[in-house]
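Chain naming here is simple, since letters A, B, ... match the order of the sequence lines and numbering starts at 1 in each.
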Amino acid sequence: MINHVLQKFNISGFQQELLEWYYQYKRDLPWRENQDPYRVWVSEIMLQQTKVDTVIPYFHNFLEKFPTVHDLAEADEQDVLKAWEGLGYYSRARNLQHAVREVVAEYDGKIPDNPKQLGALKGVGPYTKGAILSIAFNQPEPAVDGNVMRVFSRVLMIDDDIAQAKTKKLFESVTGNIISKEDPSSFNQAIMDLGATICTPKSPTCMLCPVNEYCRAYAEGVEEQLPIKSKAKKQKSIPYVTLLIKNADDQIIIEKRPEQGLLANLWQFPMIPLTDISKDHVENWFRAEYGLTVKLTKELDHIKHTFSHLIWHMDVMEAETQETDVHDQRLKVIDKADVEQYPFPVSHQKIKKYI
DNA sequence: AAGGCGGGGAC
DNA sequence: GTCCCAGCCTT
C-alpha cells in the first residue's frame, strides 16, 4: 500500500522545497522560542482541536503561572482548570497535570525522550507523542494531525476517509517514509504551517505553495475535493432550567460538576434538566434533589449553547432562598465578589452579568 | 470502530 | 447554518 502510494514520488525533492520554504517563512510562535520539551508539550496539548490564535494568550498565561513541570505538578487542580477556563476540552488540562506529576515521580522531572514512556503518559496520544519527539528531541517520528492528512491527501492524492482510524495509520506510515531525517523537527512543523497558511481546507492558495510541483491533486485540479471526510452526526438537544440563586446576605449559590464526564470539576449555576420533569415542578424537584428551598422570582435569559455532541437550551431564572448555608456536597455559598475565583464553562459565564 | 469531549472563527 | 481546528480516551 505504502509502496504504491509513494511510487515515483520524489521524496528528497519534496523535503528540500518544503524545508527551504519553512526556514524562510515559518511563523513566529511563542512555543518556538526554544525546544524546551515542557513548553512543546503544553503547546501541543493546548493546540489539540484548537486554533493557534486561540491558544497564544492561554499559553503565555499558563507558562507564567506554571513555568516548570514542578510548578504544574504541585499546583491545585482548580488553579489549573482556572488557567484553562474557556479553552475547552478540560480533560486535557487534568490529564496534563496527571502526566506531569507522573514525570516528576517516575522520571525525576525529566520528560522522557523515548516513544514508549512518552506515549504512556495521560493525554499523550500518537500525534502528541510524535510532535514532542520530533520538535523537542529531533527524532524522525511522524506527527499526524488534520493538517498532515489534508496536505498529504492532496500531494499524494489519497482519497481514503480521514475520519477513519485506519486511514490515520496509513498517513502515519506515509509520513514516516517522507519525513526528513536531517531536520525532522522542522519538517513536521513545516507541514503544519503549510496546512494552516497555504494548503487550507477551503480555497487553498496553490499558486504560493512551495511544493505545488509535487502535488498530484493540484496537477489534476482536484485539490478542493480532498481530503475525503465523512460527516459527523448532529447534536442532541437538552433543555434545562438554570438558577441564579441569591440569599439575603449578598451571596449566591454555585455547584461543582461531577469529577467525570462533561466539564468535569468545573463550576456552574445549578441546572435542572427538563427531560424528566416540567418547568412547573422545578422548585419541588430542586428541594428533593439538593435539600434546598428556593423560590423562582423572574426570568433572566434564554441561552443556547452548542457543544460538539449536544446542545443546551438554558432557561435562566433568578431565585431566592432564605438559607445562608447548604447541605448538599455539590453546592457552595459564595460572596458575589468571589465568583471570579472559580472555573466556569463559557455557557455559564454568560450568566455572571446578572449577579 | 464509534462516541464523548468545548469553544471559536471562517465561510 | 456548516466545517473544522497541531486529538485523546473510553467503550
Side-chain angles (χ1 to χ4, degrees), chain A residues 26-27 29-32 39-59 81 84-96 98-99 119-136 142-151 161-169 171-172 175 185 187-197 199-204 224 227-236 238 257-258 260-266 268 304-312 343-350:
Chain A
K26 65 179 172 185
R27 292 176 291 175
L29 300 172
W31 44 88
R32 289 180 175 171
R39 291 169 62 92
V40 173
W41 186 6
V42 171
S43 74
E44 291 302 338
I45 300 298
M46 285 188 170
L47 286 161
Q48 288 169 10
Q49 298 293 289
T50 311
K51 293 264 209 295
V52 164
D53 289 343
T54 303
V55 165
I56 289 174
Y58 282 91
F59 180 80
L81 287 173
W84 212 269
E85 182 184 49
L87 197 54
Y89 285 146
Y90 299 94
S91 65
R92 291 184 295 176
R94 305 200 311 138
N95 289 341
L96 175 60
H98 185 278
L121 296 172
K122 203 86 170 170
V124 178
Y127 165 76
T128 305
K129 178 178 65 175
I132 295 173
L133 289 174
S134 60
I135 297 171
V144 173
D145 68 335
N147 285 312
V148 174
M149 289 197 283
R150 183 172 59 257
V151 169
D161 181 2
I162 65 168
Q164 303 219 320
K166 63 177 179 180
T167 304
K168 190 179 171 188
K169 289 178 187 277
F171 281 105
E172 282 169 350
T175 309
S185 169
F187 182 92
N188 278 345
Q189 293 182 87
I191 295 290
M192 295 178 211
D193 273 23
L194 191 67
T197 63
C199 196
T200 49
K202 290 167 188 171
S203 307
E224 300 248 25
I228 303 293
K229 187 176 184 182
S230 54
K231 311 277 187 201
K233 63 179 216 176
K234 75 169 197 179
Q235 306 99 324
K236 286 175 182 160
I238 310 178
R257 292 183 57 85
Q260 292 201 343
L262 182 65
L263 305 170
N265 283 353
L266 271 69
Q268 65 182 16
K304 178 185 174 186
H305 189 83
T306 303
F307 298 84
S308 46
H309 62 301
L310 52 85
I311 301 171
W312 280 359
F344 279 74
V346 168
S347 51
H348 283 256
Q349 290 179 30
K350 299 169 185 168

### Task
Identify, between A/Q164 and A/Q349, the residue whose nearest nucleotide on DNA chain B lies closer to the 5' end.
A/Q164
### Summary
Per nearest nucleotide of DNA chain B, the residue lying toward the 5' end, A/K202 or A/K51, is A/K51
[N] [atom2] sits how many Å from [X] [atom1], rounded?
X	N	atom1	atom2	answer
A/N147	C/dC5	CG	P	7 Å
A/W41	C/dC8	CH2	P	13 Å
A/N188	C/dA6	CG	C1'	10 Å
A/K169	C/dC8	NZ	P	13 Å
A/E44	C/dC8	CD	C1'	14 Å
A/L47	B/dG8	CG	P	16 Å
A/W312	B/dG7	CH2	C1'	13 Å
A/L262	C/dC9	CG	P	18 Å

### Message
Tell me if the aromatic rings of A/W84 and A/Y58 count as close, with their centers under 6.0 Å from one another.
### Response
no
For [N] and [M], measure between their [atom1] atoms and round to the nearest Å.
N	M	atom1	answer
B/dC5	C/dC5	C1'	15 Å
B/dG6	C/dT11	P	16 Å
C/dA6	B/dC11	P	14 Å

For [X], which contact category applies under a 4.0 Å heavy-atom criterion: base, sugar-phosphate, or nothing?
X	result
A/K168	sugar-phosphate
A/V52	base
A/G195	nothing
A/S308	base
A/K304	sugar-phosphate
A/I135	nothing
A/R257	nothing
A/W84	nothing
A/I45	nothing
A/A165	sugar-phosphate
A/T50	base

Of the nucleotides [options], which one has an atom closest to the side chain of [X]?
X	options	result
A/K229	C/dC4, B/dG6, C/dA6	C/dC4
A/F307	C/dA6, C/dG7, B/dG7	B/dG7
A/T128	B/dG7, C/dG7, C/dA6	C/dG7
A/M192	C/dA6, B/dG6, C/dC9	C/dA6
A/K231	C/dC3, B/dG6, C/dA6	C/dC3

#### Entry: Donor-acceptor pair under 3.5 Å, A/R27 side chain vs C/dA6 base
yes
N or O in side chain of [X] less than 4.0 angstrom from [N] OP1/OP2:
X	N	value
A/R150	C/dC5	yes
A/Q48	C/dA6	no
A/H309	B/dG3	no
A/H305	B/dG6	no

### Query
Between A/F307 and A/H309, what is the ring plane arrangement, given parallel below 30°, perpendicular above 60°, and tilted in between?
perpendicular
#### Entry: Nearest heavy-atom neighbours spanning A/T306 and A/Q235
CG2-NE2, 3.3 Å
## Note on the structure
Nearest heavy-atom contact between A/A163 and A/K229 is CB-CG, 4.2 Å
Testing the 3.5 Å rule here: is there a donor-acceptor pair between the side chains of [X] and [Y]?
X	Y	result
A/Q48	A/Y127	no
A/K350	A/H305	yes
A/D161	A/T167	no

### Message
Whether A/D193 and A/R32 form a salt bridge (side-chain N of Lys/Arg under 4.0 Å from carboxylate O of Asp/Glu) is what I want to check.
### Response
yes
### Summary
Taking for A/K122 and for A/Y89 the nucleotide of DNA chain C with the nearest heavy atom, the one nearer the 5' end belongs to A/Y89
